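So the structure is just underneath, and the comments pick up after that.
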Amino acid sequence: MESEAGMDYSTLKGLLAGGEFQAADDETRDLLIRLAGPEAVKRKWVYFTEVKFIPAADLQTMDALWRAASGGKFGYSVQKELWVQNRRYWEKFFKAIDWVQGEHNIYRKWPAGFTYSLKAAKGHLPLTNALRGTQLFKAIMEHPAFEKSKADARPDWLK
Amino acid sequence: MEGALGMRPVAHASSRRADDLCSCSSRMARGQALRRTPAAFSAANARQVTSMIATGPKPPLTFSNSNDEGSPVKVSIGEGMGGGLFTSTNPETRRIIPESVGSRTRLKVVYVVLEAQYQSALGAAVRNINATNDKVCVEVVGYLLEELRDAKNCALFQKDVQNANIFIGSLIFIEELAEKIVETVTPVREKLDACLVFPSMPAVMRLNKLGTFSLSQLGQSKSPFAEFMRSQRKSNDNFEESLLKLVRTLPTVLKYLPSEKAQDARAFVQSLQYWLGGNAANLEGLLLNTAQRYVPALKDVEFDIAEPQLFPDVGIWHPLAPTMYDDVKEYLNWYDTRADLQLPADAPIVGLVLQRSHLVTGDEGHYSGVVSEMEARGAKVVPVFAGGLDFSLPVRKFFYDPLGSGKAYVNAVVSLTGFALVGGPARQDAPKAVEALKKLNVPYLVSLPLVFQTTEEWLESELGVHPVQVALQVALPELDGALEPIVFAGRDSNTGKSHSLPDRIDTLCSRAINWAKLARKSKAEKRVAVTVFSFPPDKGNVGTAAYLNVFGSIFRVLNDLKQDGYDVGELPVDESALMQSVLNDPEAKYNSADLNVAYKMPVAEYQRLCPYADALEENWGPPPGKLNTNGTELLVFGKQFGNVFIGVQPTFGYEGDPMRLLFSRSASPHHGFAAYYTFLERIFKADAVLHFGTHGSLEFMPGKQVGMSGVCYPDSLIGDLPNLYYYAANNPSEATIAKRRSYANTISYLTPPAENAGLYKGLKELKELIASYQTLRESGRGPAICATIIETARQCNLDKDIALPEAEPKDLSLEERDNVVGKVYSKLMEIESRLLPCGLHVVGCPPSAAEAVATLVNIAEIDRPDNDPPVAGLPGILARSMGRSIEEIYLNNNKGVLEEVNLLQDITMATREMVGAFVNDRTDANGLITSDSFTGLARRMGFRAQPWEEVLKGTRWSGADKKQLAAAFTYLDFCLEQVVKDNELGALRQALQGGYVEPGPGGDPIRNPGVLPTGKNIHALDPQAIPTQAAVKSARIVVERLLEVQKAENGGKWPETIAVVLWGTDNIKTYGESLAQVMMMVGVAPVADALGRVNKLQVIPLEELGRPRVDVVVNCSGVFRDLFINQMNLLDRAIKMAAEQDEPEDMNFVRKHAREQAEERGVSMREAATRVFSNASGSYSSNVNLAVENSSWQDESQLQEMYLKRKSFAFNSDRPGAGGEANRDGFEAAMRTVDVTFQNLDSSEISLTDVSHYFDSDPTKLVAGLRGDGRTPAAFIADTTTANAQVRTLASQVRLDARTKLLNPKWYEGMLSSGYEGVREIQKRLTNTMGWSATAGAVDGWVYDEANATFIDDPEMAKRLLDTNPNSFRKLVATFLEANGRGYWDASEDQLDRLRQLYMDVEDKIEGVE
């Protein structure tokens, strides 16, 4: 599994392969923090400006693992696609990926409010912390890793 | 005024507001009626320990013990949020019980805080103690202040405190809740090992106890604490600041105290340091330190306790910064070299203001969210914090150019604290805040984190933000000039932590940056969208605004902007050409039916650019719909000049649809409305929009009352545009709605200079006759002149107001004749001296000194005992010099005692003369104010008399008190300068340049000259400050007069029930007089607390009251409800309190009716005493005004149905969070008992026929229909606009209005001098007059006859009206025909023929058939 950052994705792969989506979700956020660098690790969360330093290969790896494990239902690139389809309006996008519920668009509560199975809506996973706003999520989706052409390419090691 | 919405005064105002009002019902979620979703409060899940939106980092392992079991399931109780309370969060989520106690000492800690941010840090501290400490373990339970409103929580709290060791309280500034805490803690205080109360109201502070240390005991001694407490008793200003200062200085002082006492006092100071340092480590230190010293079981047990970790009082914080900075240069050194972010040199710079407690407790998610959104949008941030509540300190310290130029470094300031800049929830110090902000001179926004509600509760609430939070965090910051109360952070129901609300932060940051950019963009490039209104929808009404000559004002503004360097293209030659360019398609003929089309927006473009377009389809179908469209495209009306666009705001769109008027809760803006604002923001790309005059409909669109969510229409429509709004200075209530709901930065404008109404035609003749009567009364000609006077008075229809004798005057005694003449004279003087605004105001054109005289005279007539120094009214001073009291003279004048009428007239004339002479003396040949230093000196030295002394010389008042006169004129001098010194254009230029618009109160310049000079950002008042003691005093007088008048007319019987209308503006202007009136009627007195806030009530005993308690039905305007929901709470409590007094029913009508209604309706007595009603949340007005203005009603029963349907939402103090609940049965039952209907007039500018709101809210005929006996209730109006307050019958007030305005040549000629808009004003007076026929039957036929004679029968006048504004003239003609058709006016066939002919002529003219 490709990593320019020297990260080990075997845990993630194992969890996803075992269908342990919730644990895989936790691991994904954990990986993201480590990919963002030591400052982020210390802080325990990622600032959106740190995302651009994360190598495309690593993000694509995580994304590919999620897509593979979910039959194309989960993953950053899936979210990106829906994000663009919803014209980058958060309100509509959050509805589409089922992060809000009810007529008042109430945010689901983490962790119990989310669905950690293939029954979830398309793009529902992985979760990205929006406690501090949506810039981090946006930075991930808008990362060059998920530009249309690149995201479509299937890495060799998955073929 | 607020009519429905508040008031929109004058003509223009009137009608549109209605529209506005009407329309708006709010729904929070587009598209559906509001339902509650109990699922939102689902059972607590064992794993829901930490919850965040979307997701958060993994919680530390230590979080997971203890709380899993036994945490009670949250129950959704009843209807409405929190079962009618404001919050349904459960304190049990905050209880932590140690898992295994073992040999450890177990402590119980109970805390009550305002700041939810302490919840997670305290929880972490306790969990850490329980997990690691081998000597002690802790059970903790916490209550958020607001939860104590609930009886169940309160009982739980009492139980918890019973066996607690330590009690902690913080920021308790809400009296009713503070009282509960004092009641609960006082009895167990001795038992508690320690009691720690951090900044709170003095009564709660006195609970403090640490060993020998107690603030209450020290109150008598000479210690620094004692001085501190004493100073708090004197004034509560800067409460927290002084406490913090004490903490800083105390260690040195303590040396001088006896050692034991010193130790305990030091322990308190240290506790405060631990608390303010609020992270988990410090809070652990606080608990262990207190336990070790004061819990007997732990005496002498050694703990390893860290000293308090201290943080700077003020500083700069950034989520990525390695440290907090206390120097802006150091911060920028770090900021500008960040590797992750490089911003261009010209990036806008936004200063953020934060609360340190959120940073130290680790509850910074919402702050980090704003910082990242700002930076993502390319703005540089300087986030500063303060540990106390004086945020002006970091503003002064960190927001200026680090190079020392003295200029602001930031381009805008956004406070994320929600608090007033100085003082927070304690007493704010607005002058200090304004001083700091004026100096900085950048836009100042205050955004709100949710405090008393969880995110879900806010999302589901129709009210929006909790009313107490509105009072503390919206109304108080407004006094500092704060803009844009946007809720940007939610609160998690489980952790109490704040989190970003993504779409709100988005709005907040885009808007703040757009404000900041105003300072960065050159004037030549800046694009401004001027928006004018059109109410009711009719071409004759384009450009309506209260008191304002709109096109004249725009013309002036454009010229001013041009001079200032803006690109305004090629301006038309004059205002009329400017108006024509907007009103008419140049291709079409003169007066075509269509406005000029500025832009045609294809439907596809509209759908692409307007994100909420699809939400509008539910009500209006797919775009383009039928309004503002040519069938294929959406049309934007207006005209562009260079970078300025003048556009016409579309109307609500359903004004003529009676079904929608009845059921308008589902209304939303139509596609044309949305297209207009989409055009401004996305196509025209405005840098700012300027709404021109009072007022439009944007801010009355559906949505929450305060604290919009992303689906509230005012928020969606205004989008990211900075909103400037020229607003009438006398309308603070509706201005406040515009500020809160459409994020307007208001700039006040003056109402036109007032003049005395004067006399004309027969009235003038009468005056002359009276003069000759006075010289000849005792001669043989006396009776004959008296007979002529009586006859003329009849011709003038004065017999409706005065009882004229049937007998021939020759058969009357001299005294009787004198009395008849006295009464006529008194009535004439009342008409003559009435103030009326003449013509229409033009922005930036203050009145000349001479034009201000009538206003100054009225200012001079009022006693102002609360001024510093107190000012006595001139008439009072003159009366006293004769050994008389002015009140007595007023009284005799009202009775018609001829001599006294004469005397009062003489005093009035002398007052006018003195003021005239004074103004004359202060102005030069050009009418400008001057100060001639030589004259001044001569006067001071006594060589020359003051001008007013010259006037009095040789009169019977020559002995008037010189000192009092001098004080009065010193005050008038100040007022004169304020009147003529306007800043209307200056404030606009400053705001467009990204400056701060100085705040000022709105109101009536006569009552409160503080509203001057205009050009200020209007604010209302601290809603908790009313009613004031002065207001209670005036209210008592009015209520007594009202009851006397009614008793006299009703065979000595007291009225049993009075229906009262409460307006927002009237209560702002009078500091709560009408609110106090209601309390007086039921015999309950408001009581102010230690901070001067009115939250308590006291029953006035019957012996003291001296009359029965009179029942009431309180009809609150929608604006009153929005601004004063806490006062509605107070009223409801007052009325229920009266009903619950065990008193004989013939002395307590509230009780009598409540008991009867309880029996009839099968409800409890308390529920049957429900008397406070308004519209449903987010809806305004009865819509009767809209129906009348648009002639869209069948018969009166339809109007009454609208009233019943829309105004019968009850407020219930037992379920305050539920808002207005539909209760038509209760409303009808209460209205059925009404004997008297009653409203207040609060200022001379706005009277019964100036606006449509007064008749809109009048229930007179409605009551007649509901009462079993068919009797029409007596209708009264209290007129407190002059020093001699009057209670008149409604019909008499309508006549007075007609005589002084509609029929008065001085008034209508003044209006006509404004041309197009003036014709509209005349037409609106007639429509509003007819409104009184429809709702109360209060208009005499002669009023229509005279009006018809003036405007229709006079061919020259009719032609003038037709040529000047054919659309408005058509409406005028139609209104006469309608008044006849509906049976309100018995017109002759000739009159009708002429009207029909004129109608056809004007139709032809408008259609271009000439």
Side-chain angles (χ1 to χ4, degrees), chain A residues 22-23 25-30 32-33 36-37 39-53 86-94 97 99-114 124-139 142, chain B residues 28-29 31-32 34-35 37 39-40 42 45-59 319-320 322 338-341 364-373 375-377 455-456 458-460 490 492-494 497-503 505-506 509 608 611-612 709-711:
Chain A
Q22 185 164 0
D25 181 56
D26 290 344
E27 172 70 7
T28 302
R29 273 194 308 284
D30 205 47
L32 194 74
I33 291 175
E39 286 293 313
V41 172
K42 210 167 104 195
R43 199 187 308 125
K44 303 196 187 82
W45 55 279
V46 182
Y47 197 70
F48 78 99
T49 51
E50 295 165 321
V51 173
K52 59 177 175 279
F53 302 123
N86 284 281
R87 297 157 66 198
R88 293 182 161 84
Y89 291 132
W90 288 110
E91 199 184 309
K92 294 179 183 180
F93 172 61
F94 277 168
I97 61 174
W99 281 13
V100 293
Q101 59 180 356
E103 63 182 285
H104 300 298
N105 295 330
I106 305 258
Y107 302 109
R108 289 183 184 280
K109 287 189 186 291
W110 181 82
F114 292 88
H124 192 64
L125 298 176
L127 304 178
T128 296
N129 188 344
L131 169 70
R132 294 179 179 81
T134 46
Q135 286 302 329
L136 169 61
F137 196 10
K138 184 176 165 193
E142 303 288 358
Chain B
M28 347 221 59
Q32 299 109 328
L34 204 100
R35 272 182 301 108
T37 44
S42 65
N45 180 297
R47 274 220 65 186
Q48 262 184 353
V49 186
T50 321
S51 62
M52 328 254 66
I53 66 168
T55 125
K58 260 192 194 183
L320 301 193
R338 275 166 66 183
D340 64 313
L341 183 76
E364 47 49 70
H366 55 322
Y367 290 169
S368 296
V370 172
V371 169
S372 54
E373 285 291 331
E375 292 186 344
R377 286 173 162 69
T455 308
E456 292 80 11
W458 165 70
L459 282 170
E460 290 172 356
D492 186 276
S493 55
N494 290 354
K497 279 195 162 194
S498 295
H499 62 78
S500 304
L501 292 165
D503 71 309
I505 287 201
D506 201 73
C509 295
R608 180 165 52 80
Y612 48 92
S709 76
V711 294

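Computed from heavy atoms alone, side chains included, the values below leave out hydrogens, waters and symmetry copies. Since this is a predicted model, take the numbers as computed values, not measurements. Chain A is the first sequence line, chain B the second, and so forth, proteins listed ahead of strands; every chain is numbered from 1.
The two atoms that bring B:Leu459 and A:Asn105 nearest to each other are CD1-O, 4.0 Å, heavy atoms only. The minimum heavy-atom distance linking A:Gly133 with B:Ser500 is given by the pair N-OG, 3.2 Å.
Neither the backbone nor the side chain of B:Val370 comes within contact range of chain A; no heavy atom of the residue lies under 4.5 Å from a heavy atom of that chain. The part of A:Phe53 that comes within reach of chain B is its side chain, from C-beta onward, which places non-hydrogen atoms under 4.5 angstrom from that chain. Proximity to chain A (any heavy atom under 4.5 Å) is shown, for B:Arg608, by both the backbone and the side chain. Contact of A:Lys138 with chain B is not made at all, since no heavy-atom distance falls under 4.5 Å.
Among A:Lys92, A:Arg87, A:Glu50, the residue making the largest number of heavy-atom pairs under 4.5 Å with chain B is A:Arg87. When each of B:Pro322, B:Ser372, B:Gly369 is scored by its heavy-atom pairs under 4.5 Å with chain A, the top score falls to B:Ser372. Comparing B:Arg338, B:Glu364, B:His366 by how many heavy-atom pairs each has under 4.5 Å with chain A, the most go to B:Glu364.
To the nearest 0.5 Å, atoms OG (B:Ser368) and CZ (A:Arg43) are separated by 9.0 Å.
Counting heavy atoms from C-beta outward, A:Phe137 and B:Pro502 have side chains that stay 4.5 Å or more apart. Within the 4.5 Å cutoff, side-chain heavy atoms of A:Phe48 are placed close to those of B:Glu375. Looking at heavy atoms from C-beta onward, A:Arg132 lies out of side-chain contact with B:Glu373 at the 4.5 angstrom threshold. Contact annotation: the side chain of B:Leu320 approaches that of A:Tyr47 to within less than 4.5 Å [non-hydrogen atoms, C-beta and beyond].
The closest side-chain donor-acceptor pair between B:Glu456 and A:Tyr107, if any, does not fall under 3.5 angstrom.
Not a single donor-acceptor pair under 3.5 Å links the side chain of B:Lys497 to the backbone N or O of A:Leu131.
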Practice item. Evaluate the side-chain contact (heavy atoms from CB on, under 4.5 Å) criterion for residues A:Gln135 and B:Arg377: first the C-alpha distance (whole Å), next the side-chain angles of each, then the deciding distance (0.1 Å), finally the verdict. Key: CA-CA 10 Å; A:Gln135 286 302 329; B:Arg377 286 173 162 69; 3.9 Å; yes
Practice item. Would you check, one step at a time, whether the test side-chain contact (heavy atoms from CB on, under 4.5 Å) holds for B:Val711 with A:His104? Key: CA-CA 9 Å; B:Val711 294; A:His104 300 298; over 6 Å; no
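Between B:Asp492 and A:Lys109 there is a salt bridge, since at least one side-chain N of the basic residue sits less than 4.0 Å from a carboxylate O of the acidic one.
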